[in-house]
Amino acid sequence: MTTAPMTVLVVGATGSIGRLVAAESIARGYTTRALVRDAAKAGRQLPGEAQIAVADVTRPETLSKAVAGVDAIVLTLGSDGTAHSSPESVDYAGVRNILAALDGQRPRIALMTSIGLTSRNPIYGHLLDWKRRSERLVRASGLPYTIVRPGWFDMNGPGQHRLVFLQGDQRRSASPADGVISRAQIAQVLVAALTAPEAERRTFELVAEQGPAPSDMGPLFAALDKDAPGALDAARDEANMPLEKEPQRVRDDLEAIRALTGA
């Protein structure tokens, strides 16, 4: 008797990280479905083995077919600051809409956000606050998850490949001084988290320092504190975003996600 390979949905699959996630997922033998808005663009940018699901995270009515039957979802959403692609509509509501479309399914979730997102820095239309709210939605869902907060992309120096997992989000300079990481390593960590038991319910900042890449990420995941059951924020995070001061629509979304997933 053979077992079908895991089906992984990559959301944001034509982005600079999403493309690498799709390739990493395929390399590991997973059936890989790419959620994209533009099939022609996806055909040019993604490996031929990727299954293309045309949908738009800002249009909930398009998502049910894309998420149907998946075992895991990697979310690598990134807004571009336009009217159609704001931090609220993409980085936050895109995650909300994917979770709401699951309709009782319980896939493993890997969400990419950003280092420094607890700083309350208002840059880029409060992008970091909206990414933090997307993390809260994932935790509120009760689904098995891992949340990865990468440092600055592809600014590694020679030999800077050793992965370092941090917690508490204390690096808040909003500059590469917070830490650097290659896009390829971000993709590897996100996909590895989907099957590592030690990665479940962990949230961490991801950077690379001098030294070789690890051959096994399991011990790195295992050394992290788990997020507390039922908590909205990550282990060791500063409690500086009180829920009672959040917009009513955000509080309503949290309750709706809990109700939909039975959390």
Side-chain angles (χ1 to χ4, degrees), residues 12 15-21 24 74-81 85-88 90-92 95 110-136 138-139 145-193 199 202-215 217 219-227 231-242:
S16 67
I17 306 295
R19 293 196 297 269
L20 297 173
V21 169
E24 179 71 16
V74 182
L75 294 142
T76 63
L77 293 168
S79 55
D80 60 19
S85 180
S86 69
E88 180 176 359
V90 172
D91 299 86
Y92 168 75
V95 173
L111 171 65
M112 183 187 78
T113 57
S114 174
I115 200 167
L117 91 171
T118 65
S119 66
R120 306 308 311 269
N121 190 324
I123 58 173
Y124 309 125
H126 293 274
L127 170 65
L128 298 176
D129 282 351
W130 287 112
K131 284 187 176 292
R132 188 174 183 182
R133 292 173 181 128
S134 75
E135 290 191 357
R136 287 179 162 186
V138 169
R139 295 189 192 96
Y145 69 84
T146 305
I147 297 173
V148 180
R149 300 167 169 174
W152 288 67
F153 299 168
D154 286 342
M155 293 189 174
N156 307 52
Q160 206 168 4
H161 307 297
R162 181 172 65 89
L163 295 180
V164 178
F165 294 0
L166 305 166
Q167 291 184 296
D169 199 35
Q170 295 300 304
R171 299 186 179 188
R172 298 176 173 179
S173 73
S175 77
D178 292 332
V180 297
I181 184 72
S182 73
R183 286 175 167 88
Q185 286 189 301
I186 297 169
Q188 290 162 8
V189 171
L190 287 165
V191 177
R202 264 75 170 190
T203 301
F204 59 95
E205 296 83 59
L206 171 64
V207 300
E209 296 183 355
Q210 197 68 29
S215 59
M217 295 183 203
L220 293 173
F221 290 127
L224 298 168
D225 290 344
K226 280 189 174 184
D227 296 341
L232 290 178
D233 289 320
R236 304 192 194 181
D237 275 0
E238 182 181 355
N240 61 352
M241 186 185 267

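Computed from a predicted structure; not experimentally measured.
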How many angstroms lie between atom [atom1] of [X] and atom [atom2] of [Y], to the nearest 0.5 angstrom?
X	Y	atom1	atom2	value
T76	M112	OG1	CE	5.5 Å
I115	L128	CD1	CG	11.0 Å
Q185	L190	CD	CG	12.0 Å
L206	F165	CG	CZ	6.0 Å
S134	L117	OG	CG	7.5 Å
S86	Y124	OG	OH	16.0 Å

Taking all non-hydrogen atoms of both residues, which atom of [X] and which atom of [Y] are closest, and how far apart?
X	Y	answer
D227	A234	OD1-CA, 3.4 Å
E205	G168	OE1-N, 3.7 Å
K226	A235	O-CB, 3.6 Å
S182	N156	N-OD1, 3.1 Å
G78	S85	O-OG, 4.3 Å
P214	H161	CD-O, 4.3 Å

Taking side chain as C-beta onward, heavy atoms only, is [X] less than 4.5 Å from [Y]?
X	Y	result
V189	F204	yes
D233	R132	yes
H126	P87	no
L20	Q188	no
Y145	L111	no

Flag, side chain of D91 to backbone of K131, donor-acceptor distance under 3.5 Å: no

When you measure from the side chain of Q167 to the backbone N and O of D225, does any donor-acceptor pair fall under 3.5 Å?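 A pair under 3.5 Å: yes.
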
Please walk me through it: do T118 and R172 pass side-chain contact (heavy atoms from CB on, under 4.5 Å)? CA-CA 8 Å; T118 65; R172 298 176 173 179; 2.9 Å; yes

For R236 and T203: C-alpha separation, side-chain torsions, deciding distance, then whether side-chain hydrogen bond (donor to acceptor under 3.5 Å, both in side chains) applies. CA-CA 10 Å; R236 304 192 194 181; T203 301; over 6 Å; no

Salt bridge (charged side-chain N to carboxylate O under 4.0 Å, His left out) involving E135 - partner list, sequence neighbours excluded: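 Salt bridge (charged side-chain N to carboxylate O under 4.0 Å, His left out) check on E135 returns R139, R149.
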
Under the salt bridge (charged side-chain N to carboxylate O under 4.0 Å, His left out) rule, collect the residues that match up with D169, sequence neighbours excluded. none

With A177, which residues qualify under side chain to side chain contact (heavy atoms under 4.5 Å, CB included), at least two apart? S173, S175

With sequence neighbours excluded, residues passing side chain to side chain contact (heavy atoms under 4.5 Å, CB included) with Q210: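 Partners of Q210 by the side chain to side chain contact (heavy atoms under 4.5 Å, CB included) criterion, ordered by chain and then number, come out as Q160.
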
Which pairs pass salt bridge (charged side-chain N to carboxylate O under 4.0 Å, His left out) with one or both residues in residues 113-125, sequence neighbours excluded? R120-D129

So salt bridge (charged side-chain N to carboxylate O under 4.0 Å, His left out) across residues 177-186, not counting sequence neighbours, yields D154-R183

Aromatic rings W130 and Y92: how do their planes relate, parallel, tilted or perpendicular, breaks at 30° and 60°? tilted

